[in-house]
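Values below: all heavy atoms of this structure, side chains included; hydrogens, waters and symmetry mates excluded. Model, not experiment: these values are computed from the prediction. Order of appearance sets the numbers: ligands from 1, and atoms from 1 within every ligand.
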Amino acid sequence: MQASHPIGVFDSGYGGLTVFKSIAARLPQYDYIYLGDNARAPYGNRTFETIHEYTLQCVEWFFEQGCPLVILACNTASAKALRTIQQNDLPRLAPDNRVLGVIRPTAEIIGNYTKTKQVGVLGTKGTVNSGSYRMEINHFFPDITVHQKSCPMWVPLVEYGEYDSPGADYFVQKYLEQLLAKEPDIDTIVLACTHYPLLMEKMKKYLPGNIQLVAQGDIVANSLADYLQRHPEMEQRLTKGGNISFYTTDNAKDFEEHATVFFGREVVATQLHL
Ligand code: DGL
């Protein structure tokens with residue numbers, strides 16, 4: 001039997017399934033392993049050291065499963081652990097493997113959306129405090145001003161299934177008003193957290209019609225397709241059986257129940273003890 005070399009997709013929990021949904025739809029031919037580190041989620045408020053330690057441990061697990069390529073679908077992990085993993089850990093662990101995140105693909109194309117050059121970024125405390133979005137966006141578009149706002153209540157609202165309830169309106173409106181108070185000319189808002197696409201309909205209620213909301217799923221999927229085209233040496237290492245396995249570091253049943261909301265279809269998960 002041929003060994004399997006899937007693409008690894010990582011998140012702190014279920015949220016990354018919103019990104020993975022787009023990846024699996026855009027590139028269905030590859031094999032995939034999704035891992036949610038639910039037992040240690042949320043990552044959003046954790047320190048740099050902790051996020052790096054947890055993320056690296058999961059990346060090493062993916063490598064042990066035969067994944068030559070790992071996508072960090074989690075914004076917080078992309079913001080706080082990716083650079084160190086790419087620069088310090090990969091050369092030592094597996095120099096031919098690659099770990100990619102969700103921030104750069106978004107930063108690369110955000111200039112196509114904004115006319116006013118005033119861009120809002122909504123994310124976890126960790127993502128916002130890291131300054132990664134501002135740095136990456138200004139690398140590609142120095143003329144864009146990035147205004148950030150952390151939204152600590154949004155992840156729990158989504159995880160507890162309250163994203164569609166009247167209770168969510170208060171915090172959606174509050175954080176959006178706080179962002180727009182920083183700069184009323186913002187015309188583009190990046191949903192820089194895996195969970196926020198589920199609040200998109202509510203956000204539209206509280207925003208003027210000229211403001212575009214940018215979710216990352218399709219952007220990351222297109223960027224991955226482009227990456228694989230530009231890197232045949234990686235593309236050829238990946239096995240193409242269309243198989244998907246789901247793992248969680250916490251309860252599998254719980255993961256399966258949430259997955260339907262985030263992934264849009266039923267999944268079977270296996271609990272993993274790291
Ligand atoms: N996946 C995280 C992100 O995209 C949100 C959940 C968490 O804080 O762990 O930032």
Practice task
Ignoring hydrogens and angles, state whether a donor on the side chain of Asp187 or Thr116 is under 3.5 Å from an acceptor on the partner side chain.
Solution key: yes
Distances for all N or O pairs of ligand 1 and the protein under 3.5 Å?
unit_1	atom_1	unit_2	atom_2	d
ligand 1	1 (N)	Asp11	OD1	2.9
ligand 1	1 (N)	Ser12	OG	3.3
ligand 1	1 (N)	Thr194	OG1	2.9
ligand 1	4 (O)	Asn75	N	3.1
ligand 1	4 (O)	Thr194	N	3.0
ligand 1	4 (O)	Thr194	OG1	3.3
ligand 1	8 (O)	Tyr43	N	3.4
ligand 1	8 (O)	Gly44	N	2.8
ligand 1	9 (O)	Ser12	OG	2.6
ligand 1	9 (O)	Tyr43	N	2.7
ligand 1	10 (O)	Thr76	N	3.2
ligand 1	10 (O)	Thr76	OG1	2.6

Problem - No-hydrogen, no-angle side-chain donor-acceptor test under 3.5 Å, Gln178 and Lys149 - result: yes
Practice task
Ignoring hydrogens and angles, state whether a donor on the side chain of Asp218 or Ser22 is under 3.5 Å from an acceptor on the partner side chain.
Solution key: yes
Practice task
Compute whether any side-chain donor of one residue and acceptor of the other, for Ser165 and Glu162, lie under 3.5 angstrom apart.
Solution key: yes
Handout entry: Donor + acceptor pair across side chains of His258, Glu159 (<3.5 Å)
Key = no
Handout entry: Pair Gln148, Asn129: side-chain N/O donor-acceptor within cut-off below 3.5 Å
Key = no
